[in-house]
Amino acid sequence: MNPAPMVALVGNPNAGKSALFNALTGARQKVGNYPGVTVERKVGRMALDDGRPLELVDLPGTYSLDPQSPDEQVTRDVLFGRQEGERTPSALVVVVDATNLDNHLRFVLQLVALGLPTVVALNMIDMATRDGLEIDIPRLSAELGVPVVPTVAVRKRGLDELREALGRAVGGGGKAVFATGEPGELSRLQREARRIASAVTTQHRQTNFWTQRVDKVALHPVLGPILLGVLMFVMFQAVFSWSQIPIEWLASLQAWLGDQAVRHLPDSMLRSLLVEGVINGVGSVVAYLPQILVLFFFILLLEASGYMVRAAFLMDRLMSGVGLSGRAFIPLLSSFACAIPGIMATRSIDDQRDRLTTILIAPLMTCSARLPVYAVVIGAFIPAKKVVPGVGLQGLVLFCLYLAGILGSMLVAAVLKRTVTKGGGGGFMMEMPKYQMPVWRDVALGLWQRAYVFLRRAGTVILWVTIALWALTSFPKAPNGVKQSEYSIAGRIASGIEPIVRPVGFNHALALAIIPAMAAREVAVSALQTVYSIDSGDDEKLGQHRLATRLRAAWPLPTALAFLAWFVFAPQCLSTIAVIRRETNGWFWPAFTLVYLFALAWVAAGITFWTATALGL
Amino acid sequence: MRLDQLPLHRQSRIASIDWDGLSPREARRLRELGFDDGVAVEALHRGAFKGPLACRVGRMIVALRRGVAASVIVEPA
């Protein structure tokens, strides 16, 4: 059977390409990566009206075919049939913002010159009408020499006509002919684009952008940063408050599953593995799904509405102080949910050195996986009293931990930009898209994709780690009178590490907990749980309250504080390291990250421990 | 007058761009975002503490740093 013809979706950023892709393919899409490069590959299936199937590939949004960033390189290679793992497209759909023809037409002209069958989707035509622009579509089509179909992707308008035009285009076939561009070529195309744009566009009245109204506040030198601060505050508040109820549901589900297993299975090794390893281990991680989803909900919303670029604008001055650009703000913000999507989001930074620096500091943002660790230790050691009315001491400590991560990252960035990632300086230049209402379907789709990735991780990496951890702490069985946590394999490994971390106040149990935290930070909690429960013999029902009581008995306060400080900087999870390896294409930078973060963590924990001890806490 | 000195909301036009004063990367990005001789330009917002500048170029709003904007020479529309 012949595979379905492949059609590539191309266009400038902010032309509504992804919305059109979602509208054409629905949920039938796969997100992956191009081999060897760090560019996302989105493929979906769609059917033409006569039933012929098509494979639609959503290429990264780019401004031209001159390869400057990995994104542009992939777009170009796919179009020329040189991209590994991709067929040469049978046709192109070029997505154009109808309100911004002067600029977007240049790329269209470049693409039409390739000689592939092409259909232009004149997207956001409703916005153009609202702005008082009238576009002579037959004339535009004649000027470009390809069919032009007006569409409104977010309202699913014009899709039938687009499919029809595509059906005719795919029939033909054709081969890309690459005309080498010479310097000045871009300017020539640009002038041609402007000529066509002004020939086909009639402007009826001065455009009155909503965007400008909103920007008066959003980009105001004083109000803008205040608004950004308020939005960030609301976002982090929501991460905690909106997720409370679903977290309780998940916790009761987990308890119920554990009870069922205990009730229906005989007391055995298998039951212990199932309850401690699988249900409690994986459950303690899945419990953070609601928080991650709330955070991503906000991030997706800010991106889809067009505000994210404004945030980058406002943050640029601050970021330039440490040698980065406002663009780094978006990946770093995502890193508060999880460093993995954050590091992946650095792909939008076109300067390689800026991008590298951002990747290296992303693990310092307090990701949501650190929350369970913070929550347990703060709950156990920091009294729940008010500092001033409305501000609790526990919340304040948590805030300080976040702040320590941010300040630490800025410090590290400043040092890196003056040493290992010196030079570059891509500056800050970006298009500010018009504000628009987010499409809820697209937000929901984005959330689903994030949830899926997270659950798959919980089902694989974290599952195996918890099982391995359970095995390492359970075997070999200690003879009477010897502590299981010291006699077991894990205990012996921890004894090896202990001399290194003893100066900063860590005891044997802590040394044991930071090993599995390498795999996934949140496992530190279940590790402590396992260590203290295995020693006491009551294996299955150690709640968080009891863990807190145990910790209070076992750790002096300076140790607890040092443990918190350690977690601000150190045990980056292995998945993050794996992503850094993939994104930097080698082992050097992940190794560098490991070493510098451990060094930083050790020093931070040490300073905290020694200071707290000296103060007599 | 240079674009970074242009008062806000004054309709202007790009008279010339000092392409040689820009890095090749900056020059290309600037071209891609529609900067060219004769294009209408208007300064819209300025970031605090010498932060970046947002301006309308043609129909597009573009953010850029003031150092780059200094290479763009504007004249009254």
Side-chain angles (χ1 to χ4, degrees), chain A residues 12 14 62-64 66 68 97 99-104 106-107 128 131 133 183-184 186-187 189-191 193-194 197 201 203 207 209 211-212 215-216 218-222 224-225 309-310 312-318 320-321 325-326 350-351 424-434, chain B residues 3-4 6-72 77:
Chain A
N12 285 22
N14 307 314
T62 55
Y63 287 103
S64 72
D66 306 295
Q68 253 196 93
D97 175 358
T99 64
N100 200 358
L101 277 186
D102 338 20
N103 216 294
H104 286 196
R106 187 202 53 233
F107 191 34
D131 284 350
L133 298 173
L186 208 57
S187 306
L189 285 176
Q190 179 67 66
R191 291 199 180 127
R194 276 210 305 276
T201 315
Q203 185 157 6
T207 51
F209 292 115
T211 297
Q212 287 192 29
D215 273 347
K216 277 222 161 71
L219 297 183
H220 189 274
V222 179
V309 179
R310 272 75 187 179
F313 179 90
L314 293 170
M315 295 302 290
D316 183 63
R317 180 66 194 88
L318 207 63
S320 72
S325 87
D350 42 14
D351 183 79
F428 174 70
M429 225 186 280
M430 62 199 295
E431 178 185 347
M432 305 187 110
K434 286 179 281 293
Chain B
L3 177 56
D4 61 321
L6 184 68
L8 296 185
H9 308 300
R10 185 187 289 177
Q11 304 294 329
S12 309
R13 208 170 47 197
I14 298 177
S16 65
I17 298 172
D18 175 19
W19 297 112
D20 299 331
L22 297 164
S23 73
R25 174 186 295 277
E26 285 168 339
R28 179 169 300 172
R29 198 45 99 200
L30 213 54
R31 276 211 176 91
E32 285 176 351
L33 291 172
F35 281 81
D36 199 3
D37 297 359
V39 176
V41 67
E42 177 191 353
L44 295 176
H45 307 275
R46 269 184 239 278
F49 305 106
K50 299 246 176 245
L53 173 76
C55 53
R56 183 168 45 240
V57 182
R59 284 185 212 287
M60 198 148 103
I61 303 172
V62 172
L64 72 170
R65 285 195 181 152
R66 296 196 194 184
V68 174
S71 298
V72 180

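On a predicted model such as this, the values are computed, not experimentally measured, just so you know. In what follows, chains carry the letters A, B, and so on, assigned in the order in which the sequence lines appear, proteins first and then strands, with residues in each chain numbered from 1.
Smallest separation of non-hydrogen atoms from A/Phe313 and B/Ala63: CD1-CB, 3.6 Å. Between B/Trp19 and B/Ala27, the shortest heavy-atom contact is CZ3-O, 3.5 Å.
The residues B/Arg59 and A/Asp102 are annotated as salt-bridged, a charged nitrogen and a carboxylate oxygen being separated by less than 4.0 angstrom. Salt-bridge formation is not detected for the pair B/Glu26/B/Arg29: no Lys NZ or Arg NE/NH1/NH2 atom is positioned less than 4.0 Å from an Asp or Glu carboxylate oxygen.
Looking only at heavy-atom pairs under 4.5 Å with chain B, the residue among A/Leu101, A/Asn100, A/Val222, A/Asn12 that has the most is A/Asn100.
Of the possible donor and acceptor atoms, one in the side chain of B/Ser12 sits under 3.5 Å from a partner among the backbone N and O of B/Arg10.
In this structure B/Arg13 satisfies the side chain to side chain donor-acceptor pair (under 3.5 Å) test together with B/Glu75, sequence neighbours excluded. Partners of B/Ser16 under the side chain to side chain donor-acceptor pair (under 3.5 Å) rule, at least two apart in sequence or in another chain, do not exist in this structure. Evaluation of the side-chain contact (heavy atoms from CB on, under 4.5 Å) rule for A/Pro225 yields A/Leu314 as partners, not counting sequence neighbours.
Neither the backbone nor the side chain of A/Thr62 has a heavy atom closer than 4.5 Å to any heavy atom of chain B. For B/Leu30, the parts lying under 4.5 angstrom from a heavy atom of chain A are both the backbone and the side chain. Contact annotation for A/Asn14: neither backbone nor side-chain heavy atoms come within less than 4.5 Å of a heavy atom of chain B. When heavy atoms are compared at a cutoff of 4.5 Å, A/Gln190 approaches chain B solely by way of its side chain, counted from C-beta outward.
Heavy-atom neighbours of chain A within the stretch residues 34-49 of chain B, taken at a separation under 4.5 angstrom, comprise B/Gly34, B/Asp36, B/Asp37, B/Val39, B/His45, B/Arg46, B/Gly47, B/Ala48, B/Phe49.
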